[in-house]
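For clarity, every value in this text was computed on a predicted model and none was experimentally measured.
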There are 2 protein chains.
Amino acid sequence: MDTKPAARISDSAICDGIKTRIHRGGYAPGQRLIEVDLAEEFSVGRGRIREIFKTLVGEGYLEFIKNRGVYVRRFTRAEILEMGRVREVLEGLAARLAAETELTVEQRALLRALQNRMDEAEASNDVDRYNSENFQYHAAICAIANNRHVEQSLARVRLPLYRLQLPRSFSSDSMASSNRDHQVITSSILAGKPDAAEAAMRAHVHAGNQHVARLAEEHFR
Amino acid sequence: MDTKPAARISDSAICDGIKTRIHRGGYAPGQRLIEVDLAEEFSVGRGRIREIFKTLVGEGYLEFIKNRGVYVRRFTRAEILEMGRVREVLEGLAARLAAETELTVEQRALLRALQNRMDEAEASNDVDRYNSENFQYHAAICAIANNRHVEQSLARVRLPLYRLQLPRSFSSDSMASSNRDHQVITSSILAGKPDAAEAAMRAHVHAGNQHVARLAEEHFR
DNA sequence: CTGGACCAGATCGTCGACAATTTTGTTGAC
DNA sequence: GTCAACAAAATTGTCGACGATCTGGTCCAG
């Protein structure tokens, strides 16, 4: 029993692999994914890949066209703006729930640490780092909110953001403004003020959406 | 070409069939669905049923457990309350978007007609009819909001409501209170007041959630 | 040169067969 | 009667094969 025949790969591992590539840009928006290619790559049958595709379609990553296969989902500008409005209220709710929570010392420390890191990134004008910390910050608030359905619904409407994670996504100005929002949100949550936290978060996401609305058309194809 | 061999049933038709049964109670929450049974019933292969299951899992109707099959999704009280909070903000957003819309005459007429019907149901104390009109009313607002992602996200968090669609779901008192909310929402949308419409809708759904929170534990198993 | 008809290759759709796993049923000891 | 161990049945997991559909290229008429 020394040479196990390469332990069978799990469905979720394959799912994660595909998601990661989409996030990282290995698969481009609109790209067609060929069943047999992935089947060979992961050394599984085509049927399993097919089922995994259906799952990923359900999560909003892929688009399915009958008899034509699946494509990495591509969002139009109008669609991204529609999702943006949903994101406003959901991120707002997450902030509210976080502010309603009796925070643990670890949670308080985490929020402060993330805010510090964003402040540093802003001070050193490091847009990439700010962007990355920004994602973690929103994820942390979502985790503190502790509502699986908020998290799940948010995940869907956040999908287009990964694609817009370009260096140009934040200018120096917009980064400063974004971080001012964050500071208000952070302190509102730490102070346990749900109304303030939600309002600040909604305004914050709304501003981000207007930024998207002003982007040139070429960003969306 | 006289005897077509029973035109092949489409995936979406099968999906709808299963969904309908879940809504109508033909399949009970927690019930296990056997692949081969459905395959035979619809005269298709098991693989297709399997893929359809994955799709329905993605939409929140079914739950999948490896090596054990799929079950009609069952929600705990805590989960329903979590979903309720999401519903608050999403229904609120739908009302806001509807109020932001330049309504057509048809849309105005539809809203008024639905409100009238609910008023009638309330006046005649017809809980079942009120319940049914209530669903249509919320659907109509969602349609006017005209945001596919609001609709999609809402569909998920509305799922537990179908199950609670019992006659006892509204008492005479709560029906009156619910319809007062509706009247405020309706007039706010007709008057084009987004803030008022959203606030009223949020309060309305919030009240409904508190009603759920007070239900006895037996309703959730 | 343009466009439509046709053909060949690539890819998807569906099914049935067999293996793996879980569930159910039975037996027997205590 | 209760429980464990085992055996049988039911159900799910996986794959490969075959037909159906789509894609892209070629050829020929105009």
Nucleotide [N], atom [atom2] - distance to [atom1] of [X] in whole Å:
{"X": "A:K66", "N": "D:dC22", "atom1": "NZ", "atom2": "C1'", "answer": "13 Å"}
{"X": "B:I65", "N": "D:dT12", "atom1": "CD1", "atom2": "P", "answer": "12 Å"}
{"X": "B:F42", "N": "C:dT14", "atom1": "CZ", "atom2": "P", "answer": "15 Å"}
{"X": "A:D37", "N": "C:dA10", "atom1": "CG", "atom2": "C1'", "answer": "11 Å"}
{"X": "B:E35", "N": "C:dC18", "atom1": "CD", "atom2": "P", "answer": "18 Å"}
{"X": "A:I34", "N": "D:dC22", "atom1": "CD1", "atom2": "P", "answer": "15 Å"}
{"X": "B:E51", "N": "D:dT14", "atom1": "CD", "atom2": "C1'", "answer": "13 Å"}
{"X": "B:R46", "N": "D:dT12", "atom1": "CZ", "atom2": "P", "answer": "7 Å"}

How would you label the contact of [X] with the nucleic acid (heavy atoms, under 4.0 Å): base, sugar-phosphate, or nothing?
{"X": "B:F64", "result": "sugar-phosphate"}
{"X": "B:G69", "result": "sugar-phosphate"}
{"X": "A:I49", "result": "nothing"}

Do NZ/NE/NH1/NH2 and the carboxylate oxygens of A:R73 and A:E79 come within less than 4.0 Å? yes
Side-chain donor-acceptor pair under 3.5 Å between B:E91 and B:H138, yes or no?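 Note: B:E91 and B:H138 side chains meet the donor-acceptor criterion.
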Does either side chain, that of A:H149 or that of B:E82, offer a donor lying less than 3.5 Å from an acceptor on the other one? no
Any idea which heavy atoms bring A:R85 and A:N209 closest together, and the distance? N-ND2, 3.9 Å
Closest contact, heavy atoms only, B:P160 versus B:I80: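 Heavy-atom minimum between the residues: CB-CG1, 3.9 Å.
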Can you tell which of [options] lies closest to the side chain of [X]?
{"X": "A:N67", "options": "D:dC22, C:dT23, D:dC15", "answer": "D:dC22"}
{"X": "B:D11", "options": "D:dT14, C:dT22, C:dT14", "answer": "C:dT14"}
{"X": "A:R48", "options": "C:dC15, C:dT11, D:dC15", "answer": "D:dC15"}

For D:dC22, does either OP1 or OP2 sit under 4.0 Å from a side-chain N or O belonging to A:R68?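 No.
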